[in-house]
Q: 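Submitted below is the structure of interest, expressed as structure tokens.
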Amino acid sequence: MILNYFKIALRNLWKDRTFTFLNVIGLSTAFCAAFLLGMFAIFGLSFDQFHENIGSIYEVYTNSQTAKGTEISNANPIPFAEALKEEVPGVKKITRVANGGPLVTFGEKTLKLDVLWADRDFFDIFSFPVVGGSKINPLQNKSSIAITRTTAQKIFGEMNAVGQTVTMRRDNEDVPFVVSAVIEDIPEASSFQFDAILNFTDLPASFYAANKDRWDAHNHPVYLQLDAETSAAKFEKATAAFSNLHFADDIATAKRDGAKPNSDGEYRQIHLLPFEDISFTDFNSNSSKVNKTLPYLILGIAFLILFIASVNFINMGIAKGSQRLREIGMRKTLGASKGQLFLQFWGESIFVFSLSVFFGGLLALLLLDKFQTLFETKASFALIASPGIVLGLLLSLLLITLIAGGYPALLMSKLDTLLALKGKLQHTGKNKVRDVLMAVQFCIAILLISGTLVLWSQLDFMRTKDLGFNKEQVITLPLNTKKDRAQLLQLLRNALEGKPGIISVTAADNILGLGKDGRSSTIVMGFDYKGREVKTNLLNVDYDYPKTLDIELIQGRAFNKQYASDSLSIVINEAMAKEFGEKDPLSVRFLLNDSIQYSVIGVVKDYNFQGLNKTIEPISYFMNPSSPKYYAFIKVAPNNLSQSYDRVKEVWNTLEPDTEFLGSFLDENIDRTLKEERKMTTMISAGSILAIILSCIGLFAISLLVVNQKRKEIGIRKVVGASTSTITVLLSKQFLKLVVFAFLIATPLSWYLTTQWLQNYAYHINLSVWIFLAAGGIAFVIALATISVRTIQAALQNPVDSLKTE
Amino acid sequence: MLLELNHIFKWVSQGGSRVFLLKDINLLVEEGEFISIMGPSGSGKSTLLNVIGMLDGFQEGEYNFLDQSVHSLKEKKRSQLYKEYIGFVFQAYHLIDELTVYENIETPLLYKNVKASERKALVADMLDRFNIVGKKDLFPSQLSGGQQQLVGIARALIAKPKLILADEPTGNLNSKQSEEIMELFKELNQEGVTIIQATHSELNAAYGSRTIHLLDGGRDNI
């Protein structure tokens with residue numbers, strides 16, 4: 001029996017090669033896309049799930065009330081963690097964590113490592129298994145270092161790493177560290193990514209020792225594990241007294257400036273963010289919101305694509321069923337039961353699905369490399385292949401097969417024997433199902449296309465917007481060195497100045513955009529001005545900073561070597577001038593640290609020094625020669641950009657032969673900050689292209705069948721005088737109506753969703769009707785082209801041929 | 001007695017009034033009979049055959065088949081009954097296009113859950129008997145009409161039915177093929193199979209032992 005079914009399935013599929021081919025192609029593509037996208041999404045969602053204590057691990061953050069509203073920060077003072085554990089019950093383990101990229105030397109080798117500094121509890125809270133050396137706790141001793149397996153191999157090769165001594169540059173001296181342990185490489189799906197980990201107290205003095213007892217220097221995140229019997233909400237409540245005690249000064253300042261307490265009457269509230277959510281939270285944007293939009297959006301697109309392909313399968317299945325009526329009727333007459341018929345047709349579906357899953361999987365495997373590069377992801381099948389996921393995958397495949405394959409099978413097995421034998425099929429309800437399904441398909445396609453267009457425009461807007469500084473001609477260069485930075489900068493300046501193509505050189509302690517070193521930071525400082533607190537971003541700059549970056553000076557002057565007092569001067573932007581609220585900003589004088597008086601000497605035009613999702617904040621330039629400058633900015637002539645870049649690289653390589661040159665143009669840096677947006681745009685574009693192609697495959701197949709069914713009608717109409725064009729219109733109309741209907745449904749939905757998304761950006765495009773009309777137009781034209789292939793052909797046919805067949 | 005129809009009425013409602021397809025049909029068929037049903041197009045020949053074959057229902061009357069009252073049987077029972085005892089032969093053959101001659105003949109056995117070895121023997125016998133062994137791997141589209149009908153009859157016979165219902169079995173055939181098919185039916189009847197055929201042709205009707213004339217759903221004469 002099974003063999004018989006299998007045989008007839010194969011022969012049927014072969015007989016309808018076109019449809020089988022369309023089905024398998026459509027489903028395989030959909031499965032391939034669903035596999036890749038699903039993998040990407042699941043990988044994103046699986047971040048940090050590998051920690052055994054997940055569920056009881058939290059990151060500490062604070063909501064503080066200010067005159068301007070609530071500020072959210074996850075940075076804490078050095079004594080905070082220990083005090084919290086002692087004073088508030090419920091903390092089982094707690095650790096401070098800081099990260100950085102110091103240069104580590106072993107013998108001749110110097111490497112820049114990604115390093116974490118953490119407290120002892122780190123290895124108890126988080127699950128990073130130790131494979132060699134001190135198994136108990138690698139952070140037990142000061143001046144010890146634990147490195148990952150790969151790092152060990154990189155530094156020591158085949159040598160046993162444990163017990164070796166490396167040196168690390170700290171506070172301008174080489175400090176020895178003994179390797180205490182080797183830990184397993186960090187899983188890809190981990191928010192902590194590091195090559196080595198050190199004791200927190202081994203941080204540079206400027207970070208640790210100088211702030212050891214200060215409660216007003218916030219510089220690192222804190223993670224804790226709660227007791228089993230303490231809930232996060234209960235713990236948060238219990239911290240009120242702690243905050244009021246230790247942050248009394250901050251609270252007094254806030255009160256004085258007119259801050260309103262929160263709903264509990266508190267000015268500072270400590271909160272806990274579940275650790276599994278931290279990869280979806282961005283404290284830099286002053287928010288503790290967990291944003292899982294991207295993975296769920298991707299997962300959604302994967303499902304939509306599968307849905308479209310399944311609808312194709314269902315529609316083709318039902319339509320094909322009408323050509324197998326005789327077989328169904330005959331089988332019933334010969335004694336087949338409903339169940340047997342259902343099994344037969346369902347079996348055929350399963351066969352097609354299995355084939356498609358196989359090809360789809362194969363295709364996905366082949367495309368995996370490309371996919372990983374394109375979307376800059378480490379996601380792979382091996383990473384997400386846990387028994388639960390595999391089982392879930394199998395179940396969903398079975399479910400899709402059951403529904404998409406089972407529905408047509410059910411319809412066919414339920415047919416009346418005699419009607420089926422006579423080849424008559426009630427045409428009432430079934431076309432409605434088909435039409436609704438096709439309209440939904442086109443809804444999805446139009447939704448995705450308009451989403452793509454909106455994302456494209458926004459991305460293009462962000463890339464090309466005038467940010468207020470010259471991003472095309474300026475090369476940024478992280479000053480990674482074991483030497484003195486100021487000295488290196490001077491050497492760099494001497495070597496470059498006067499060279500052809502080099503216009504000016506400057507430096508600052510922060511970068512614009514995101515450089516090749518992948519680091520960015522924000523320093524915000526608050527001080528009292530005329531009895532209220534003023535907050536500003538802080539930038540330590542070298543001479544010529546505004547000039548090099550083409551930031552327009554609108555009042556006063558920039559720092560100048562001829563004025564010795566400039567180390568006590570600041571240059572501010574317009575937003576900061578507004579913050580001071582003086583008519584003449586150049587008259588502003590204020591005290592810092594209660595003693596040193598600074599004066600404003602210039603105002604620059606507002607420019608977007610942060611991402612376009614933020615409005616322009618106040619910023620102040622300081623000119624302190626002794627503060628370290630981490631980045632050089634080099635303006636080059638507009639012609640021969642790449643030649644100038646090579647020249648800078650050459651100079652760097654002679655000055656710093658051991659350290660990699662990480663220079664990049666500012667526009668590249670800006671592009672780098674748009675990584676998420678670009679990823680999202682690429683995914684949605686790919687998704688919408690697939691959606692429209694798959695929808696059209698379905699449309700094409702259905703138009704083939706409808707035209708076949710209407711051969712006689714077409715013939716008769718032509719005999720009585722219909723023209724080719726009226727017949728084409730007649731045949732196309734019913735499908736195009738569906739597309740128009742889909743457009744009407746999809747547009748408001750798409751409008752709503754894209755508006756919501758654009759709210760994330762302080763600077764965004766204005767939605768225009770044209771975007772949506774274009775999306776609908778694209779879908780309409782493609783649909784029209786698809787069905788025209790068959791309808792025009794049918795309309796052109798000689799009516800004698802079509803009437804003969806009846 | 002093989003089957004008995006008592007006062008069978010079948011109608012469809014059209015615009016509030018009944019159009020009778022079958023009107024007060026009474027028929028008694030003994031085992032071993034060869035009955036021809038004659039009548040013009042639309043007189044209800046096919047409908048009557050479908051009712052006898054239990055593919056179609058009726059509104060009024062009684063139908064007993066081998067002492068079972070078909071009108072009160074459940075769908076499942078009924079299908080079991082016809083699967084067991086009735087074979088169908090159609091004017092348009094209704095072979096399954098995707099199956100070979102061999103497989104077409106085998107299909108009824110599959111639905112009766114006959115064992116593979118037994119199936120093989122039965123189908124081989126049948127092929128042998130109808131002299132179509134050489135054609136067993138061909139598909140219906142590769143056969144002539146007469147050969148296709150031969151396969152159709154072979155398929156109807158494979159499950160050893162007591163009754164064969166043939167709806168214009170020679171309607172699509174030329175006269176020579178018709179004659180062969182009718183000879184075959186006669187032969188089968190002599191072997192004990194009861195046959196009811198619907199036909200237009202007086203010639204074919206003459207093969208039967210009894211002829212029933214239908215006119216607009218009712219018996220014309222006996």
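Letters go in sequence order (proteins before strands), and every chain restarts at 1. Since this is a predicted model, take the numbers as computed values, not measurements.
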Q: Relative to chain B, which of A/M330, A/K338, A/K332 shows the most heavy atom pairs under 4.5 Å?
A: A/M330
Q: I need the minimum non-hydrogen distance between A/I314 and A/I403, along with the two atoms involved.
A: CD1-O, 4.4 Å
Q: Look at B/E60 together with B/R18 and state whether they make a salt bridge at an N to O cut-off of under 4.0 Å.
A: no
Q: In terms of side-chain geometry, is the basic nitrogen of B/D167 or B/K45 positioned less than 4.0 Å from the acidic oxygen of its partner?
A: no
Q: May I ask you to name which of B/D97, B/L95, B/N50, B/T107 has the most heavy-atom pairs under 4.5 Å with chain A?
A: B/N50
Q: Pick one of side chain, backbone, both or neither for B/S46, based on which atoms fall under 4.5 Å of a heavy atom in chain A.
A: neither
Q: If I measure from the heavy atoms of chain A, does B/L55 come under 4.5 Å with its side chain, its backbone, both, or neither?
A: both
Q: Got a donor-acceptor contact below 3.5 angstrom from the B/Q149 side chain to the B/G146 backbone?
A: no
